[in-house]
Amino acid sequence: MDQDFSSVDKILQEYEGKKGNLIPILQAIQRQKGYISKSVIRYVSEKMHIPMAEICGVVTFYAMFHLEPQGEHIIKVCKGTACHVADVDSIKEAILDFLKLEEGENTTADGKFTVMEVACLGCCSLSPVIMIDNQTFGQLTPDAIPGILRQF
Amino acid sequence: MSKITVKVGLASCGRAAGAMEVFKKLEEYLSQNPDAYTLKKTGCIGMCFEEPIVSLSGTEMGEITLGKVNAENVLNLIEEYTEGKLPTSNIILSDKTEAPLNDLLAYQKRIVLQNCGKIDPLSIEEYESCGGYQALKKALTLSPEEIINIVKISSLRGRGGAGFPTGLKWSLAASAKSDEKYIICNADEGDPGAFMDRSVLEGDPHKVLEGMIIGAYAIGASKGYIYCRAEYPLALEHLKIALASARERNYLGKNILGTNFSFELSIKEGAGAFVCGEETALMQSIEGKRGMPTIRPPYPAESGLWNKPTNINNVETWANIPWIINNGGEAFKAIGTEKSSGTKVFALAGKIAGSGLIEVPMGISLRDIIYKVGGGMKTEKPFKAVQLGGPSGGCIPEELLDTLVDYDSIAATGAIMGSGGMVVMDSGTCMVDVARYFLNFTQNESCGKCTFCRIGTRRMLEILNRITEGKGELADLEKLEELAININKSSLCGLGQTAPDPVLTTLRYFKDEYLAHIVDKRCPAGVCTALLHYYILPEKCTGCTLCAKRCPVFCISGSVRKVHIIDQNRCIHCGACYKACKFDAVTRE
């Protein structure tokens with residue numbers, strides 16, 4: 001464990017003494033590092049005196065925590081009802097096609113994009129919808145995907 | 001010449017449709033003429049199908065709202081308005097002349113959405129200028145009992161879906177004895193197809209804050225949390241800004257507006273777990289744990305967050321409070337029906353022309369919502385069902401469209417009022433596939449605590465998968481019903497108890513579709529790909545070879561400029577040829 005945890009220390013300090021701070025701390029760490037590594041879990045466990053099993057329990061319970069490094073840009077494909085009815089599957093296919101990802105793979109070899117399915121993004125009237133980082137794209141057709149992805 | 005105000009709807013939905021480009025274009029253009037124009041950002045007016053939306057006001061033509069604006073046409077439209085002419089195109093709403101969508105708005109009654117799409121959500125001054133925080137000032141002159149009494153008279157029921165009387169809930173929390181109490185705003189709007197809370201938080205966050213501060217005063221809470229899902233980055237951002245400005249104005253903090261009442265609010269960002277919309281799971285999550293529901297009783301009003309008395313309401317419930325305090329409980333009760341008072345916000349989506357956000361008085365019929373307020377179906381395809389209540393709800397068929405929108409009438413159909421998601425489906429939607437979709441969702445989101453919810457939903461999903469793949473048997477239908485009953489009986493929380501409902505309602509109203517899949521091995525809506533057969537129409541095929549290139553199993557034969565043929569024995573029904581053909585030569589049945 002010779003990694004630099006100074007940034008994690010800063011986050012831990014910021015939330016010190018606040019009730020129920022484990023999830024916000026993990027969120028802040030993930031915002032910075034992109035994912036929650038095993039060594040981070042061990043470090044946080046030691047510092048906060050919370051068993052590793054409990055932290056692992058939290059990290060694996062919530063869909064937003066990642067245990068693996070993520071791509072530079074995150075593509076969230078909405079799996080809401082309206083998007084489902086509007087055939088969002090064909091949009092996802094077009095994304096995987098363009099990024100040359102096989103079924104089951106979710107991060108491109110160059111680490112530029114990670115594709116994930118998410119619960120409803122709440123833009124149902126513009127379905128099908130995807131979100132890249134914090135930018136939402138609506139009323140998509142499979143043909144529009146290459147143009148959008150090339151912007152990143 | 002008076003100044004012209006230009007407002008651009010910049011909620012998530014507007015942005016997704018390109019409103020930011022319109023705003024940037026306007027910023028660049030109007031900054032050359034700052035004396036003539038004021039440019040403002042606003043939230044969502046609810047007509048998402050017309051996004052991006054820009055409204056103009058400040059001349060004798062009154063306020064006009066323009067739809068489907070883009071960076072190319074926006075400057076022309078503004079110039080026309082500035083010259084005193086009504087824009088020749090794109091008008092959707094107008095307060096002085098006729099406009100195509102004026103009627104849609106006329107059926108609505110806006111309490112919660114009153115300010116959405118009208119004010120700048122980030123400006124506390126604009127909220128105040130529309131009467132904002134007056135209700136808080138009034139409430140602080142009343143006793144907590146008086147406020148609870150007003151809420152009781154209003155008969156407001158929880159808008160999160162279950163419909164528990166809000167006044168009663170408050171009085172339970174108020175009478176609990178404790179050194180510390182909490183209030184929580186449930187903004188973990190997880191139902192797929194629902195975006196009411198997102199729009200309110202993005203478009204008018206102060207209304208929710210005001211409602212919460214009044215509630216805290218009535219209950220005697222000193223600390224509150226807004227639990228908002230992380231999928232709503234813009235709502236979170238607006239909430240943070242709103243909290244800061246409310247603190248500056250002393251609507252929050254110590255000795256609010258010179259009284260003895262002190263209250264602090266903070267935001268908790270969700271981490272992506274649907275079950276956290278359930279109140280006990282939500283509190284576990286705020287405490288930093290896995291969001292798994294706990295047994296009730298004790299109810300949160302006795303022992304909730306950190307074992308202290310806690311009151312949880314959803315965004316829309318809180319947003320109704322300022323209006324009720326300002327106008328009185330009787331005025332609210334006068335709207336809607338005997339047992340369901342007030343209005344309800346619905347998110348219309350799916351195959352409906354006017355998809356977006358509406359607020360209607362309770363007691364309106366589903367038919368009126370779809371055909372009058374929602375503008376009818378999107379395409380020629382006929383109506384088949386409307387899905388209410390998301391994964392806990394059900395599909396209501398055509399013959400029940402005259403059902404009135406109130407908690408009890410909706411529940412009688414087997415669906416639930418839910419939080420307000422309304423997804424309209426037409427003949428191109430397969431009801432078995434919809435049931436499978438919801439079950440897949442709940443199965444994924446089950447926290448795993450109760451065996452029947454964890455494993456039972458999986459067994460149901462496997463059966464539905466089999467049926468959509470054409471491998472179903474008649475006995476499967478009985479198995480589905482048996483599992484549904486047991487899952488309902490043996491689950492601790494609402495997620496498990498209601499998980500089978502989408503299956504039960506589709507079985508009840510669309511059994512013929514299940515039978516078509518099982519007996520005839522056919523999907524009447526043409527959705528379940530494994531049951532479809534693809535053919536090439538010789539008269540339309542140009543021999544472009546595209547389908548053969550896209551076919552993953554190389555089962556399409558034919559050469560350039562010759563009619564192609566699909567080998568039915570080798571076809572895997574993936575539909576790639578159907579999607580690829582540019583001449584509609586591939587047909588399926």
Side-chain angles (χ1 to χ4, degrees), chain A residues 15 18-28 30-31 48 50 54-66 76 78-87 89-90 93-94 97 116-127 129-131 133-140 142-143, chain B residues 12-13 15-17 20 47-49 51 189-195 197-199 229-235 268-274 276 285-292 305-306 347-351 354-357 387 390-391 421 423 425 428-429 433-434 437-438 441 445 447 579:
Chain A
Y15 286 94
K18 288 187 186 162
K19 272 182 164 180
N21 54 8
L22 179 60
I23 293 172
I25 284 173
L26 293 172
Q27 282 169 331
Q30 181 161 290
R31 254 193 287 274
M48 291 181 71
I50 299 176
E54 204 178 311
I55 301 179
C56 283
V58 168
V59 171
T60 52
F61 185 83
Y62 296 99
M64 294 228 159
F65 290 122
H66 311 297
K76 295 175 182 161
C78 179
K79 288 295 282 180
T81 322
C83 288
H84 176 75
V85 176
D87 198 17
D89 287 342
S90 68
E93 256 171 54
D97 255 12
M116 60 176 79
E117 289 182 352
V118 294
C120 188
L121 292 168
C123 290
C124 312
S125 39
L126 298 167
S127 58
V129 173
I130 63 168
M131 196 185 229
D133 303 329
N134 273 349
Q135 209 180 333
T136 319
F137 298 87
Q139 286 169 330
L140 295 170
D143 300 337
Chain B
S12 293
C13 39
R15 288 176 194 224
M20 219 46 213
M47 301 192 161
C48 307
F49 59 108
E51 296 279 9
E189 183 175 53
D191 279 3
F195 52 94
D197 297 349
R198 174 183 66 71
S199 284
R229 66 200 288 258
E231 285 88 345
Y232 290 172
L234 196 64
K268 282 275 176 178
E269 188 177 324
F274 173 69
C276 288
S285 181
I286 292 183
E287 290 180 18
K289 302 177 196 156
R290 287 164 73 95
M292 290 165 104
L305 193 59
W306 288 297
L348 301 180
K351 305 295 169 69
S355 57
L357 218 57
Q387 211 282 342
V423 182
M425 295 160 183
T429 313
D433 176 66
V434 167
Y437 163 80
F438 280 115
F441 181 86
E445 295 293 341
C447 79
K579 283 177 193 158

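Keep in mind it's a predicted model, so treat the numbers as computed, not measured. Order of the sequence lines sets the chain letters (A, B, ...), proteins ahead of strands, with each chain counted from 1.
Every residue two or more places apart in sequence or in another chain that forms a side-chain contact (heavy atoms from CB on, under 4.5 Å) with A/Phe61 is listed here: B/Ala273, B/Val275, B/Arg290, B/Met292, B/Cys447.
Judged purely by atom type and a 3.5 angstrom limit, A/Gln27 uses its side chain to pair as donor or acceptor with the backbone of B/Glu269. With B/Lys579 contributing its side chain and A/Ser90 its backbone, the two residues share no donor-acceptor pair below 3.5 Å.
If you measure heavy-atom distances from A/Glu93 to chain B, the contacts under 4.5 Å come from the side chain alone. Using a 4.5 Å cut-off between heavy atoms, A/Lys76 makes no contact with chain B at all. Only the backbone of B/Glu287 comes within less than 4.5 Å of a heavy atom in chain A; its side chain stays farther off. Residue B/Phe438 touches chain A through its side chain alone, counting heavy-atom pairs closer than 4.5 Å. For B/Ala347, no part sits under 4.5 Å from any heavy atom of chain A, backbone or side chain. Of the atoms belonging to B/Ser12, heavy atoms from both backbone and side chain fall under 4.5 Å from chain A. Only the backbone of B/Asp191 comes within contact range of chain A, judged by heavy atoms closer than 4.5 Å. The parts of B/Ser285 that come within reach of chain A are both its backbone and its side chain, each placing non-hydrogen atoms under 4.5 angstrom from that chain.
Distance CZ/B/Phe274 to SG/A/Cys120: 10.5 Å, rounded to 0.5 Å. Within the model, atoms CG of A/Leu126 and CZ of B/Phe49 stand 11.5 Å from one another, a figure rounded to the nearest 0.5 Å. Considering CE of B/Met425 and OG1 of A/Thr81, their distance stands at 6.5 Å, rounded to 0.5 Å.
For A/Tyr62 against B/Lys289, the heavy-atom pair with the smallest separation is OH-O, 2.7 Å. Closest of all the heavy-atom pairs between B/Lys268 and A/Gly20 is NZ-O, 3.0 Å. Taking each heavy atom of A/Gly80 and B/Pro192 in turn, the nearest pair found is CA-CB, 3.6 Å. B/Ser355 and A/Ser125 make their closest contact through OG-CB, 3.2 Å (heavy atoms, listed as atom of the first residue, atom of the second, distance). Residues A/Met64 and B/Ala230 come closest through the heavy atom pair SD-CB, 3.5 Å. Across all non-hydrogen atoms, the minimal contact from B/Arg229 to A/Ala119 is NH2-CB, 3.7 Å.
The candidate with the highest count of non-hydrogen atom pairs below 4.5 Å against chain B, out of A/Cys124, A/Ala86, A/Ser127, A/Gly138, is A/Cys124. Annotation: maximal heavy-atom pairing with chain A below 4.5 Å, among B/Gly190, B/Gly272, B/Gly356, B/Ala349, occurs at B/Gly272. Among the candidates B/Gly291, B/Gly421, B/Ala271, the residue making the largest number of heavy-atom pairs closer than 4.5 Å to chain A is B/Ala271. Ranking B/Glu445, B/Glu231, B/Met20, B/Lys351 against chain A, the residue ahead of the rest is B/Glu231, based on heavy-atom pairs under 4.5 Å. In terms of non-hydrogen atom pairs under 4.5 Å with chain B, the most contact-rich of A/Lys79, A/His84, A/Glu54 is A/His84.
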